[in-house]
Amino acid sequence: MAEQLLRHGAYEYAKKVFDDIRAFSIDEPGVSRQGYGPKEQMVHDYMIEQAKQLDLEVFIDKCGNLFLTLPGEDRTLPALMTGSHGDSVPQGGHYDGLAGVVAAMTTMWWMRQVGHKPKRDITMLVTRMEESSWFGKAYVGSLAMVGQLEPIDLELKHRYRDETLREAIASLGFDPEAMVNGEPSVDLKKFCGFIELHIEQGPTLDSHEKERVGVVTGIRGNLRHKECHVWGETAHSGAVNKEYRHDAGMAMGEFLMSMEKHWEEWLEKGEDLVFTVGVMKTDPSSAIAIIPGHVQFSIDMRSLSMDTLARFHKLMEEEGARIGAKRGVKFEFDRTLVCEASGVDPDLMGHIAKTAERCEIPHIHMPSGAGHDAAVYENVGIPVAMIFVANQDGSHNWREKMKLEDFMLGTELLFKSIESYDD
Ligand code: HGY
Ligand code: MN
Ligand code: MN
């Protein structure tokens, strides 16, 4: 089948998959596919259906991660993996994670269309609960797969429901205890590499006319806190003068201003760092005429350097203590949730860059600000590489968009990189 016809076929195939999955994911104004929830399960069921039509082997590990394999000539060789996560943030964008899943499925479709018989198994991986937005922990399925999910993680509570991560996992029929016994769900030596296609989720690629594809050079790690508190004193907003107040709201404001000032100074010194307080709320009983005695908030700090994060985290705790003493309030930080930064495999990254040159796909090299499952695999010794595709209006919000033409450039690069892996 002529190249052009194939590309068109792949475009139509991918478009249908995106549209079919959007149809059952709608949660106006965006989409919601909670990890270990019914909609994420529907993505997995949909991909199993597609796999059967493409005569791929289906395997589901003890954590619910989905492995779909196109057998290679020599099945003793470690498999090359590609894929991403099927879950989304609440009322978020459709393409974060799903773009990598659809690109992997389209690559499998493409290989079947051209009758490509790979030297080694090519395995597509659909991971579980990559997003931290629902229970506070990111990469849950991938960490469990490599034996790094911890028992305490099962106690994490849903963002608004009275449900633990343990209960969510069990609700889909998987055994939570088996996921935290330290045992990987698969023999990790059976994989020679993992290539993840993902939307960039930032503005860089979309600001480029020509280069709409990114070859990723590293993945930021992060330190997160799900539920921190400022404990002050609730009081009458008229009867209590400033000198007597222990105002949790004002303390929170000073904390934010001082952390932002430190952040700017660290950036000027050349540190790679981002700092976000995404959740910040006073109590339901708060009101116009009440001095807030309590603020609950989250923390998300990221960097390509875990040392930078450790030092900035220490500074954050010191600022909390300083402002607390000054205002007679108490800053309380809950358990630190850690996602390690990672590099990418230089050979696999080089192979992708060379394939892009060979196929005349304009691209730039760039780091990933967002975290990805790929970081988990790189850190346990599975060589990883990532392909970014341009997208519009950022991500982790319902306005997230992606042009299918950009997606297809990245998918063609993925397909050609996999097709030529053993050349
Ligand atoms: O938070 C992240 O960077 C990823 O989208 N889970
Ligand atoms: Mn993602
Ligand atoms: Mn995400």
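Just the heavy atoms: all of them, side chains too, but no hydrogens, waters or symmetry mates, feed the values below.
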Phe297: ring pair (Phe, Tyr, Trp, His ring centres under 6.0 Å) partners, not counting sequence neighbours: Phe255
Any luck finding a side-chain donor-acceptor pair between His85 and Asp373 under 3.5 Å? no
Is it true that atom NE2 of His8 has more than 12 heavy atoms of other residues, nucleotides or ligands lying nearer than 6.0 Å? no
Strictly below 4.0 Å, N to O, side chains only: are Lys314 and Glu318 in salt-bridge contact? yes
Contact between Phe135 and Val140 at the side-chain level, heavy atoms closer than 4.5 Å - yes or no? no
Any Lys/Arg nitrogen of Glu12 or Lys16 sitting under 4.0 Å from an Asp/Glu carboxylate oxygen of the other? no
Students often mix this up, so state it plainly: with edges at 30° and 60°, are the rings of His158 and Tyr160 parallel, tilted or perpendicular? perpendicular
All pairs passing salt bridge (charged side-chain N to carboxylate O under 4.0 Å, His left out) where residues 164-175 contributes a residue, at least two apart: Glu155-Arg166, Arg166-Glu177
Distance-only donor-acceptor check, side chains Gln201 and Asn391, under 3.5 Å: no
Between His225 and His313, is the gap from one ring center to the other below 6.0 Å? yes
Quick one: do Asp121 and Arg75 make a salt bridge, cutoff under 4.0 Å? yes
Out of the candidates Lys401, Glu400, Arg33, only one should pair with His94 under the side-chain hydrogen bond (donor to acceptor under 3.5 Å, both in side chains) rule; please name it. Arg33
Counting heavy atoms not belonging to Lys189, are there more than 12 under 6.0 Å from its NZ? no
State whether a side-chain donor-acceptor pair under 3.5 Å links Glu319 with Ser258. yes
Lys137/Asp153 salt bridge by N-O under 4.0 Å criterion: yes
Between Asp206 and Gln392, does any side-chain donor sit less than 3.5 Å from a side-chain acceptor? yes
Looking at OG1 of Thr69 and CE of Met108, how far apart are the two atoms once the value is rounded to the nearest 0.5 Å? 6.5 Å
Are Arg302 and Asp300 ion-paired here, with the side-chain N under 4.0 Å from a carboxylate O? yes
When you look at Asp272 and Arg220, which way does the salt bridge (Lys or Arg N to Asp or Glu O under 4.0 Å) test go after all the steps? CA-CA 9 Å; Asp272 173 60; Arg220 274 184 176 148; 2.6 Å; yes
Are Arg120 and Asp74 within salt-bridge range, i.e. N to O under 4.0 Å? no
Lys281 atom NZ, over 12 foreign heavy atoms within 6.0 Å: no
Do the non-hydrogen side-chain atoms of Ile299 and Arg224 ever get within less than 4.5 Å of each other? no
By the ring-ring contact (aromatic ring centres under 6.0 Å, His included) test, which pairs, at least two apart or in different chains, include something from residues 20-64? Phe59-Phe67
Can you confirm if the aromatic rings of Phe18 and Tyr95 lie within a centre distance of less than 6.0 Å? yes
How many angstroms lie between atom OG1 of Thr276 and atom CE of Met259, to the nearest 0.5 angstrom? 11.5 Å
Salt-bridge criterion met for Glu163 and Lys157 (N-O under 4.0 Å): no
No-hydrogen, no-angle side-chain donor-acceptor test under 3.5 Å, His208 and Thr204: no
Between Arg128 and Gln41: side-chain donor-acceptor atoms closer than 3.5 Å: yes
Residue Asp162 excluded, over 12 heavy atoms near CG under 6.0 Å: no
Is the closest side-chain donor-acceptor distance between Gln34 and Arg159 under 3.5 Å? no
If only atom types and distance count, is the side chain of Ser84 paired as donor or acceptor with the main-chain N or O of Leu98 below 3.5 Å? no
